[in-house]
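The structure appears below as structure tokens.
Model, not experiment: these values are computed from the prediction.
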Number of protein chains: 2
Amino acid sequence: MTGQVRTVDGRVAGRRGQATRQKLLDCLSEMLSSSPYRDVKVIDVARKAGTSPATFYQYFPDVEGAVLEIAEEVAKEGAGLTELVAGRPWVGKAGWQTAEELVEGFLDFWRRNDAILRVIDLGAAEGDKRFYKIRMKILNSVTNSLTDSVKELQAKGRVDKDISPAAMAGSLVAMLAAVASHQKGFTTWGVKQAELRPNLALLVHLGITGKKPTK
Amino acid sequence: MTGQVRTVDGRVAGRRGQATRQKLLDCLSEMLSSSPYRDVKVIDVARKAGTSPATFYQYFPDVEGAVLEIAEEVAKEGAGLTELVAGRPWVGKAGWQTAEELVEGFLDFWRRNDAILRVIDLGAAEGDKRFYKIRMKILNSVTNSLTDSVKELQAKGRVDKDISPAAMAGSLVAMLAAVASHQKGFTTWGVKQAELRPNLALLVHLGITGKKPTK
DNA sequence: ACTTGTCCTGTCATGCCGTCAGCTTACCGA
DNA sequence: TCGGTAAGCTGACGGCATGACAGGACAAGT
């Protein structure tokens, strides 16, 4: 498990090579934000990076391979989302704040990386295991924390025994992800961000604790 | 607004032509279920339909054009989802049943059409207005009904005034759509359908009425 | 059989894909 | 300073999908 970056044909990449590789990744990332995934061509990425298509194929097997690379990076960042839930309280005013900050943090993360997350989502929905795994990695950080929170509340008798912590957490996280990826849609449809976030927080709070929050 | 089906070059299609066209749509539909959208090629669709690529281009400008066609059909079917909410009660046991049936109906609809809905979702998320419009058409049928339900309950004083009906309905519908499109994901992850549906119904009920259901 | 209009396909220019051999560049030890 | 070696890059090529066109096949009416 060395951090060795290798080319497709097995050579180890040096300083220059890594720079080129990174530049290709950056350009691909940018292209994903500005044009449909389906239309992203190797030749365009290469041109944008000021290199040739052949160079691209030295570092990545194909476009999807490069996308997976970017996705892994985002997944690493996403692991930090656990902080939004782990060890936070779910009672009283503090509980409401937990819900609010979770929503806030989640939506921001999604907006920062929306292009690549869209592609991950599609790949996962289409049944590609690699993308599915990455999606899990990102969402699990929050889902698992939320699942634990529910279990804890159940143990204390504050939440009904008959709800499934995993299903509840998964549903809520799926909701956050879906709303996040259609944020623009909501706004053009007439729902303002200012209305959206409190509502999501309310739903999260209701789902986890089963009670209305005390603001 | 005649129902006239036309070829790309303007001629009206006859019986035989319409049959060919429909066959191409069917084959495309099938291909979308079995392979990633990105990899669907005109030549494959044509081969599967027992015809030539040139024929495909007589009826559709490109793959996306044909996909939009299929999407419109699904949107028409989706309009019927209003029935799951319109005029249904949200109090007592009947309220719980409304929530359950909504979840059930929604998930079934999604599973029946998951391939095309995935593509619509992607197109919408990528900012394509045509796909966005279609997505709205499908989701609005439910969202608007739910929005009305919330407004009604607010008018009766049964729901807090400070929640935005549109944001709440939109969030819940987005959740249903997201969970639906990752149904397989949930199951391979260890959450059973039998757990998932009641949880979703619970969340819907909580979101709309603000109260736990009486089962 | 002939005509007319619909329907399909063979073919072609174009452009992207993915690979390879071979050239250039950087690093290093003598 | 000077090769030697490995990293890094690219031109060029066969292969395939695209999208356009003209012309052949076919059904229906006369």
From the options L102(A), L146(A), L81(A), select the one residue that forms a side chain to side chain contact (heavy atoms under 4.5 Å, CB included) with V173(A).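 Between V173(A) and the candidates, side chain to side chain contact (heavy atoms under 4.5 Å, CB included) is satisfied uniquely by L146(A).
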When you measure from the side-chain N and O atoms of [X] to the phosphate of [N], is any distance below 4.0 Å, counting only OP1 and OP2?
| X | N | value |
| --- | --- | --- |
| T55(B) | dC8(C) | no |
| T20(A) | dG8(D) | no |
| T7(A) | dA7(D) | no |
| R15(A) | dC27(C) | yes |

Would the distance check show the side chain of [X] and the main-chain N or O of [Y] forming a donor-acceptor pair, the cut-off being under 3.5 Å?
| X | Y | answer |
| --- | --- | --- |
| T98(A) | P89(A) | yes |
| T187(B) | K184(B) | yes |
| S145(A) | S141(A) | yes |

Mind checking R11(A) for me? I need base, sugar-phosphate or nothing, with any heavy atom below 4.0 Å counting as a touch.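 The answer is base, as R11(A) lies within the cut-off (heavy atoms under 4.0 Å) of a base atom.
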Can you tell me how the ring of F56(B) sits relative to the ring of F60(B), calling it parallel under 30°, perpendicular over 60° and tilted otherwise?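 Geometry flag for F60(B) against F56(B): tilted rings.
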Tell me: [atom1] of [X] to [atom2] of [N], nearest whole Å?
| X | N | atom1 | atom2 | value |
| --- | --- | --- | --- | --- |
| L24(B) | dG19(D) | CG | C1' | 15 Å |
| Y59(A) | dT10(D) | OH | P | 10 Å |
| D39(A) | dA17(D) | CG | P | 17 Å |
| D9(A) | dG22(C) | CG | P | 16 Å |
| Q18(A) | dG8(D) | CD | P | 8 Å |
| Q58(A) | dG11(D) | CD | C1' | 14 Å |

I120(A) to A71(A) - nearest heavy-atom pair and separation: CD1-CB, 3.6 Å
Within 45° of the ring axis of Y37(B) and under 6.0 Å from its six-membered ring centre, is that where the NZ or CZ of R118(B) lies? no
Spell out protein contact along nucleotides 14-20 of chain C as letters: B when the base is contacted, S when just the sugar-phosphate is, - when no protein heavy atom is under 4.0 Å; keep the 5' to 3' order. --SSBBB
